[in-house]
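Here the structure is a predicted model, which means the values were calculated and not measured.
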Amino acid sequence: MRAVAYTKSLPSSDPDCLVDVTLPDPAPPTGRDLLVEVRAISVNPVDAKVRMRADPGGTPKLLGYDAAGVVRAVGPDVTLFRPGDAVFYAGDITRPGTNAELHLVDERIVGPKPGKLSFAEAAAVPLTAITAWEALFDRLRIPRGTTPREEAVLIIGGAGGVGSIAVQLARQLTGLRVVATASRKETMDWARQMGAQDVLDHSGDLVAQAKALGVPVSAIFVTTHTEAHWAAICEIIAPQGAICLIDDPKSPPDIRMLKTKAASLHWELMFARPMHKTPDMQAQHDLLVEVSRMLEAGTLRTTLGEHFGAITAANLRRAHAAIESTTSRGKIVLEGFLEA
């Protein structure tokens, strides 16, 4: 099968950081695995982080943690899908990634692809949707229901891949006032298009801007730059509020700053359920079913920002460089493999 791999940790500017390879097809699926013919993928910050932090020592390693495709074969214990079904999913960081023509994945973390979306549009969604959903509803435990509430959720980095989905989910499924941050006109406009009722400039005085909202901020979802904003976050959060982080601060945040408010701190990692085979692992399938229905109904929109063409090493290198710049808007998607 055709694939794009890396064999050693190199910067995205190096032409050898990602290479086109031909690998053996995966073994036939066992247990609850699906064998998926990958039609489209998207690129996430985790791809670049793994590429730089996990040197495979010369052995080709597959990245890729988003895919949309068609089920080609199923394991003997599969109950949720059949061959021919179109699916989308984010995969498991402990297994080979999706940057290949064929991919094995556990059905419990897979959802049905929305019929009205193209494979490229669908591939932009899973990892960010799972991350945003789990952060809002499993970690921050924001109540579902659209009855207006006199409090706000603040999403720092509201124009990025995760932030774009989090803004939509919070607006569609909760009664909180949805506030996002961005710093450029185009990213501010994007966050508003996603449904943010207010957009704060995170290059300015966040505390003053948050106070001007006139409502308590009971939940804060931080998608990026925790270190830069930590002092402001601790001042903004309401007493007994909750904060969820997904980025990787170089130095641990000082959680003592939360004590006087009895505020809580949570981590979100969407790979935790499949990594540890948790008893509720199928919760990711269930939420992807609901996300698929929302996308089909048009109440949630794909966050595809840019289409970089076919799934090739050259295009993936360009995507990794864009992700590392931290200025991309929405998701970068690649689709199809070039004929040999």
Practice item. Let me see the working for R318 and E306 under salt bridge (charged side-chain N to carboxylate O under 4.0 Å, His left out), right down to the final yes or no. Key: CA-CA 12 Å; R318 190 160 59 97; E306 295 182 89; over 6 Å; no
Review point. Can you check side chain to side chain contact (heavy atoms under 4.5 Å, CB included) on K61 and V50, steps first, answer last?
Key: CA-CA 10 Å; K61 180 179 174 68; V50 174; 4.0 Å; yes
Practice item. Under the side chain to side chain contact (heavy atoms under 4.5 Å, CB included) rule, what do F88 and L295 come out as? Steps first, then yes or no, please. Key: CA-CA 12 Å; F88 69 158; L295 289 164; 4.1 Å; yes
Practice item. Might you work through the side chain to side chain contact (heavy atoms under 4.5 Å, CB included) test for L173 and L136, ending with a clear yes or no? Key: CA-CA 10 Å; L173 300 177; L136 295 174; over 6 Å; no
Check your understanding: What do the steps show when you test L127 against M270 for side chain to side chain contact (heavy atoms under 4.5 Å, CB included), and what is the final call?
Key -> CA-CA 7 Å; L127 184 143; M270 59 77 55; 4.0 Å; yes
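For the pair D14 and K8, the salt-bridge criterion is not met [side-chain N within less than 4.0 Å of a carboxylate O]. With respect to the salt-bridge test (charged N to carboxylate O, under 4.0 angstrom), the residues E235 and K211 qualify. Ionic pairing of D92 and K277 is present here: one or more N-O contacts between side-chain nitrogen and carboxylate oxygen are shorter than 4.0 angstrom. D20 and R2 are not joined by a salt bridge, as no carboxylate oxygen comes within less than 4.0 angstrom of a charged side-chain nitrogen. In summary, E134 and R139 engage in a salt bridge, as defined by a charged side-chain N under 4.0 Å from a carboxylate O. Taking 4.0 Å as the cut-off between side-chain N and carboxylate O, R51 and D47 do not count as a salt-bridged pair.
Side chain of S325 to backbone of A322: a donor-acceptor contact under 3.5 angstrom is found. Here the side chain of E37 pairs no donor or acceptor atom with the backbone of R39 at under 3.5 angstrom. Looking only at distances, a side-chain donor or acceptor of S292 sits under 3.5 Å from a matching main-chain atom of P112. Side chain of Q209 to backbone of D205: a donor-acceptor contact under 3.5 angstrom is found. Counting only distance, with no hydrogens or angles, the side chain of K331 and the backbone of T302 share no donor-acceptor pair below 3.5 Å. In this structure a side-chain-to-backbone donor-acceptor pair under 3.5 Å is missing from T22 to M1. Side-chain N or O atoms of Q168 include one that pairs as donor or acceptor with a backbone N or O of S164 at under 3.5 Å. Under a 3.5 Å cut-off, the side chain of N315 and the backbone N or O of A310 do form a donor-acceptor pair. Between the D77 side chain and the R32 main chain, no donor and acceptor come within less than 3.5 Å of each other. Side-chain atoms of T181 come within 3.5 Å of backbone atoms of G157 as a donor-acceptor pair (strictly under, hydrogens ignored).
Surrounding CD of E227 are more than 12 heavy atoms belonging to other residues, nucleotides or ligands, all under 6.0 Å away. Within 6.0 Å of CD1 in I255 there are 12 or fewer heavy atoms belonging to other residues, nucleotides or ligands. Annotation: R256, atom CZ; neighbour count of heavy atoms from other residues, nucleotides and ligands within 6.0 Å does not exceed 12. The number of heavy atoms from other shown groups lying within 6.0 Å of NE2 (H266) is above 12.
With a 4.5 Å cut-off on side-chain heavy atoms, L62 and L23 count as touching. The shortest distance between side-chain heavy atoms of L154 and L206 does not fall below 4.5 Å. Residues I165 and V291 fail the side-chain proximity criterion, which asks for heavy atoms closer than 4.5 Å. Between F308 and V43, every side-chain heavy-atom pair lies at or beyond the 4.5 Å cut-off. Within the 4.5 Å cutoff, no side-chain heavy atoms of L80 are placed close to those of V110. Taking 4.5 Å as the limit, every side-chain heavy atom of I156 sits out of range of all side-chain heavy atoms of H225. Between P143 and R149 there is a side-chain heavy-atom pair separated by less than 4.5 Å. Counting heavy atoms from C-beta outward, Y65 and P126 have side chains that stay 4.5 Å or more apart.
A pairwise comparison of heavy atoms in M194 and T303 identifies SD-CG2, 4.2 Å as the closest pair. Annotation for P11 and C17: closest pair O-CB, 3.3 Å, computed over non-hydrogen atoms. Between V167 and A180, the shortest heavy-atom contact is CG2-CB, 4.0 Å. Considering every non-hydrogen atom in both L288 and G111, the closest pair reads CD1-N, 3.7 Å. Heavy-atom minimum distance, A191 versus G158: CB-O, 4.1 Å. Closest approach of R144 and F137 over heavy atoms only: CD-CE2, 3.5 Å.
The cluster map of Ile, Leu, Val, Met, Phe, Trp and Tyr, joined by side-chain heavy atoms under 4.5 Å apart, puts L245 and V179 in the same cluster. One hydrophobic cluster, built from ILVMFWY side chains closer than 4.5 Å, cannot hold both L140 and W267; they sit in different ones. Under the 4.5 Å side-chain contact rule for hydrophobic residues, V78 and V105 share a cluster. V19 and V38 are members of different hydrophobic clusters when ILVMFWY side chains are connected at heavy-atom separations under 4.5 Å. Placement of I155 and V215 in two distinct hydrophobic clusters is found when ILVMFWY residues are connected by side-chain heavy-atom separations under 4.5 Å, directly or transitively.
Taken to the nearest 0.5 Å, the CG atom of D33 stands 5.5 Å off from the CG atom of D106. Going from atom CD of E151 over to atom OG1 of T174 covers 9.0 Å, rounded to the nearest 0.5 Å. Between atom CZ of residue R177 and atom CZ of residue R171 there is a gap of 10.5 Å, rounded to the nearest 0.5 Å. Rounding to the nearest 0.5 angstrom, the gap separating the CG atom in L169 from the CH2 atom in W133 is 6.5 Å. Here the CG-OG1 distance, from L63 to T98, works out to 9.0 Å after rounding to the nearest 0.5 Å. Taken to the nearest 0.5 Å, the CE atom of M281 stands 9.5 Å off from the CD atom of E107.
Of the residues H103, K113, Q284, H285, the one that meets the side-chain contact (heavy atoms from CB on, under 4.5 Å) test with Y89 is H103.
W190 carries R301 over the face of its six-membered ring, with the cationic atom under 6.0 Å from the centre and within 45° of the normal.
A donor-acceptor contact under 3.5 angstrom links the side chains of S12 and E324, judged on distance only.
In summary, the aromatic rings of H320 and Y6 are positioned with their centroids too far apart to meet the 6.0 Å limit. Side-chain rings of H229 and H202 approach one another, their centers coming within less than 6.0 Å.
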